[in-house]
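A short write-up of the structure that comes next.
One-based numbering, in listed order, for ligands and for the atoms of each. Hydrogens, waters and symmetry mates play no part in the numbers below; they use all other heavy atoms, side chains included.
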Amino acid sequence: MSVHIGAKPGEIADKILLPGDPLRAKYIAENFLEDATCYNEVRGMYGYTGTYKGERISVQGTGMGVPSISIYINELMESYDVKKLIRVGTCGALQKDVQVRDVILASTSTTDSQMNRMVFDHIDFAPTADFSLLKTAYDAGVDKGLNLRVGNVFTSDSFYRDNAMDLFNLLAKYNVLAVEMETTALYTLAAKYNRQALSVLTVSDHILTGEETSSEERQTTFNDMIEVALEAAIED
Ligand SMILES: O=P(O)(O)O[C@H]1O[C@H](CO)[C@@H](O)[C@H]1O
Ligand SMILES: O=c1cc[nH]c(=O)[nH]1
């Protein structure tokens, strides 16, 4: 057991999917994994281990934001030696040509989080996806005929902010594709511990147009994102 994860040693696979929403972890376990068993209910942050195409894989809810996901990633790597970590999350589009329901592979992230300033002081560390995970996920998405985008995402410390459009317009001008709340932490901690990480994101809403996915549509698009992430996770 670690502080926030109730699994016994060996109960978590070395490959893991990381949705922000613990109920998405349950959904993935019930609909995509075989023989899935629940190893964590601490704080309602469900974690499961099962198999996908014969490969052992886990899925763990992380909660929202850099502080929450950082707790789970630290414990998964330090206490359970997880080696491949793939976030499966939602995001809001910042570009006109990024559509609701598109799947984004975050090659890097930009952030207003102070996390890396505390470590690197005046240097701006560039959080980066693992290239082989990114390539495998990209190839899997192309094979499925998905409208995939690859690029920079903004990891925000706030979901609600005053004068948000000023910042979002600036980020859009610099080709940032979308906003979410965890990727910077995932990539930075994976670099620290020399592990592989990738964020696969579904565009759940459009910041510029206000368009949103219906809950039914979200489910279908989430399935595309989950399959892309699972294929990347099991690739050697
Ligand atoms: O759908 P998840 O994975 O939670 O991701 C996005 O949704 C949450 C905000 O609603 C934040 O965690 C953001 O990053
Ligand atoms: O607009 C959005 C959508 C999902 N997640 C976010 O952080 N922002």
Could you tell me which atoms of ligand 2, counted from 1 in the order shown, lie closer than 4.0 angstrom to a heavy atom of [X]?
{"X": "C91", "answer": "3 (C), 4 (C), 5 (N)"}
{"X": "S204", "answer": "3 (C), 4 (C)"}
{"X": "T90", "answer": "4 (C), 5 (N)"}
{"X": "M181", "answer": "7 (O)"}

Could you tell me whether the side chain of [Y] reaches within less than 4.5 Å of the side chain of [X], counting heavy atoms only?
{"X": "I86", "Y": "L186", "answer": "no"}
{"X": "I5", "Y": "S79", "answer": "no"}
{"X": "V100", "Y": "T213", "answer": "yes"}
{"X": "L85", "Y": "M77", "answer": "yes"}

* Under 4.0 Å between a Lys/Arg side-chain N and an Asp/Glu carboxylate O for D81 and R195? -> yes
Without hydrogens or angle criteria, can the side chains of [X] and [Y] be said to hold a donor-acceptor pair below 3.5 Å?
{"X": "E75", "Y": "S2", "result": "yes"}
{"X": "S156", "Y": "R161", "result": "yes"}
{"X": "E11", "Y": "Y80", "result": "no"}

Counting from 1, what ligand 1 atoms have a heavy atom of [X] closer than 4.0 Å?
{"X": "G89", "answer": "3 (O)"}
{"X": "E180", "answer": "14 (O)"}
{"X": "M64", "answer": "8 (C), 9 (C), 11 (C), 12 (O)"}
{"X": "F159", "answer": "9 (C), 10 (O)"}

For [atom], what is the nearest protein heavy atom, given as residue, atom name and distance?
{"atom": "atom 2 (C) of ligand 2", "value": "G92 N, 3.5 Å"}
{"atom": "atom 7 (O) of ligand 1", "value": "T90 OG1, 3.3 Å"}
{"atom": "atom 3 (C) of ligand 2", "value": "D205 OD2, 3.1 Å"}
{"atom": "atom 3 (O) of ligand 1", "value": "R87 NH1, 2.8 Å"}
{"atom": "atom 11 (C) of ligand 1", "value": "E182 OE2, 3.5 Å"}
{"atom": "atom 4 (O) of ligand 1", "value": "G20 CA, 3.5 Å"}

* Structure fact -> Test side chain to side chain contact (heavy atoms under 4.5 Å, CB included), reference V153, set T110, L105, T183, T184, output is T183
* To do: Ignoring hydrogens, just give me the one of V179, V203, I207 whose non-hydrogen atom is nearest atom 6 (C) of ligand 2.
  => V179
* Describe, in one word, how the ring planes of F125 and F120 are oriented to each other, choosing from parallel (under 30°), tilted (30 to 60°) and perpendicular (over 60°). =>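 Judged by the thresholds at 30° and 60°, the geometry between F125 and F120 is parallel.
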* Structure fact -> Within the 4.0 Å heavy-atom cut-off, what S156 brings close to ligand 2 is neither
